[in-house]
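Beneath this line is the structure, given in structure tokens, with notes to follow.
Every heavy atom of this structure was used, including side-chain atoms; hydrogens, water molecules and symmetry mates were not. Both counts, for ligands and for their atoms, begin at 1 and track the order of listing.
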Amino acid sequence: MEILSQHGCFGGRQGFYRHESSAIGLPMRFSVYLPPQAAHGKVPVLIYLAGLTCTEETFMIKAGAQRVAAELGIALVAPDTSPRGANIDGEDKDWDFGVGASFYLDATREPWSRHYRMESYVVDELPQTLAKHFPVDIGRMGIFGHSMGGHGALTLAFKYPQRFKSLSAFAPIVAPSRVPWGEKALAGYLGDDKDAWQAHDACELVRTLAEPYPGEILIDQGLADPFLDVQLRPELFEAACDERGQPLTLRRHAGYDHGYYFISTFIEDHLRHHARQLFAI
Ligand SMILES: N[C@@H](CCC(=O)N[C@@H](CSC=O)C(=O)NCC(=O)O)C(=O)O
């Protein structure tokens, strides 16, 4: 693992790293914030999945999460949003598909299936890499994310609740099989068989899982978000959770859009939500 840069931050350390990923078959970048408590032993860890067009830097630079993470003693980790350098024809043509737009799944359709294996990366390889190189306790690991990353957090936590023991999202894409961003990504990465899409759709998963997710889910959504009615559709997830008996706190905020001013306003609530669950383990 290569250290790209490290910076003192609220008594802890903000770092940026690169490693050879076997799941992806290419080098991957990720960022880690270690709180001051990590100098004395392993700390719980929270994985953040960013949205379309973002990188491993976006959250660490823009969300303002480190101050409260330092107070609580939680490590923050943000992987990049897709493989880079796969050299697939047209991979950076669109901002909502390909580079920066992995949708955090394992593609099954060529040529994407060769490298776009972000589900395996986030669920298995990244936690193992963290456990090997950082003082983090992956037995106390939560997940959250924004927009495409909110979709990733919801679907991965539903599928791997033993891995991700706390869950929240900002303005998530909750029904990718029914909205334009999701339809484009699922068709591109998985093909046209819509049955295969259901395993990557939070609304479908919450209805069909053997057991509800074992924990409260927190979602914040801005009402001035330009993507709200066409791409995000939180009301569909609210109805699915209601139907399933899945505990959900969905907060709607007038005057907030889709950007990091919105995220930075509510980030403290999310960190405290995760801390309550991770420190109870
Ligand atoms: N094409 C635009 C808009 C892209 C955008 O809004 N990206 C969001 C995530 S959208 C869903 O996943 C984002 O987080 N952008 C980064 C930011 O700093 O706000 C563009 O290229 O900007």
Side-chain angles (χ1 to χ4, degrees), residues 14 16 29-31 33 46-66 76-84 90-105 107 112 116 118-119 121-122 143-157 167-190 197 200-203 218-237 250 252-253 255-267 270:
Q14 177 65 59
F16 297 90
R29 292 178 182 234
F30 61 94
S31 56
Y33 175 69
L46 196 42
I47 306 244
Y48 179 87
L49 303 180
L52 296 164
T53 73
C54 294
T55 72
E56 74 288 355
E57 286 188 315
T58 314
F59 172 76
M60 297 301 182
I61 292 172
K62 291 187 160 187
Q66 290 91 343
L76 303 171
V77 175
D80 201 350
T81 52
S82 76
R84 291 179 198 262
E91 69 180 341
D92 52 6
K93 182 169 75 65
D94 296 341
W95 62 270
D96 56 0
F97 183 72
V99 171
S102 70
F103 275 76
Y104 302 104
L105 50 73
W112 307 99
Y116 279 64
M118 289 295 285
E119 178 169 337
Y121 180 71
V122 171
I143 192 162
F144 66 154
H146 170 228
S147 196
M148 172 184 75
H151 144 79
L154 292 170
T155 54
L156 296 182
L167 171 61
S168 74
F170 296 94
I173 300 167
V174 296
S177 55
R178 286 185 271 173
V179 303
W181 278 342
E183 288 169 331
K184 179 173 175 175
L186 297 178
Y189 295 131
L190 304 175
W197 297 10
H200 305 281
D201 184 305
C203 286
L218 172 63
I219 292 181
D220 279 312
Q221 175 63 59
L223 293 177
D225 186 326
F227 303 122
L228 176 57
D229 295 331
V230 175
Q231 307 282 9
L232 305 175
R233 312 211 43 201
E235 73 284 356
L236 297 177
F237 189 65
L250 169 59
R252 294 173 166 90
H253 305 281
Y256 288 90
D257 64 21
H258 198 62
Y260 273 79
Y261 295 114
F262 157 63
I263 293 172
S264 60
T265 302
F266 299 106
I267 190 70
H270 284 245

- prompt: Do F227 and S147 have side-chain heavy atoms sitting under 4.5 Å apart?
  reply: no

query: Is the shortest N/O to N/O distance between S147 and ligand 1 below 3.5 Å?
result: yes

message: Using the ring centroid of each side chain, check whether Y104 and H151 are separated by less than 6.0 Å.
response: no

- prompt: Side chain or backbone of T53 under 4.0 Å from ligand 1, or both, or neither, by non-hydrogen atoms?
  reply: side chain

query: Among W181, W95, F227, which one has a heavy atom closest to atom 4 (C) of ligand 1?
result: W95

- prompt: Which residue pairs pass the side-chain hydrogen bond (donor to acceptor under 3.5 Å, both in side chains) test when at least one of the two sits in residues 173-183, sequence neighbours left out?
  reply: S177-D201

statement: Looking only at protein heavy atoms, what sits closest to atom 16 (C) of ligand 1 is C54 SG, 3.4 Å

query: Is any side-chain N of the basic residue among E91 and K93 closer than 4.0 Å to the acidic one's carboxylate O?
result: no

message: Starting from atom 7 (N) of ligand 1, what is the nearest protein heavy atom, named by residue and atom, and what distance separates them?
response: L52 O, 3.0 Å

query: Quick check: does any side chain N or O of S31 sit under 3.5 Å from a backbone N or O of F16, one acting as donor and the other as acceptor?
result: no

message: Return the closest protein heavy atom for atom 18 (O) of ligand 1 as residue, atom name and distance.
response: K62 NZ, 2.5 Å

Let me check something: any side-chain donor-acceptor pairs from residues 52-62 under 3.5 Å, sequence neighbours excluded? List them with distances.
unit_1	atom_1	unit_2	atom_2	d
T55	OG1	E57	N	3.0
T58	OG1	T55	N	3.0
T58	OG1	T55	O	3.3

- prompt: Any N or O of M148 that comes nearer than 3.5 Å to an N or O of ligand 1?
  reply: yes

query: Does the protein put any heavy atom within less than 4.0 Å of atom 14 (O) of ligand 1?
result: yes

message: Any nitrogen or oxygen of G149, side chain or backbone, less than 3.5 Å from one on ligand 1?
response: no

- request: Evaluate the 4.0 Å heavy atom contact test for atom 11 (C) of ligand 1: does a protein atom fall under the cut-off?
  value: yes

- prompt: Do the ring planes of H270 and F170 sit parallel (below 30°), tilted (30 to 60°) or perpendicular (above 60°)?
  reply: parallel

- prompt: Taking both backbone and side-chain atoms of Y260, is any N or O found less than 3.5 Å from an N or O belonging to ligand 1?
  reply: no

- request: Measure centre to centre between the rings of H200 and Y189, then say whether the value is under 6.0 Å.
  value: no

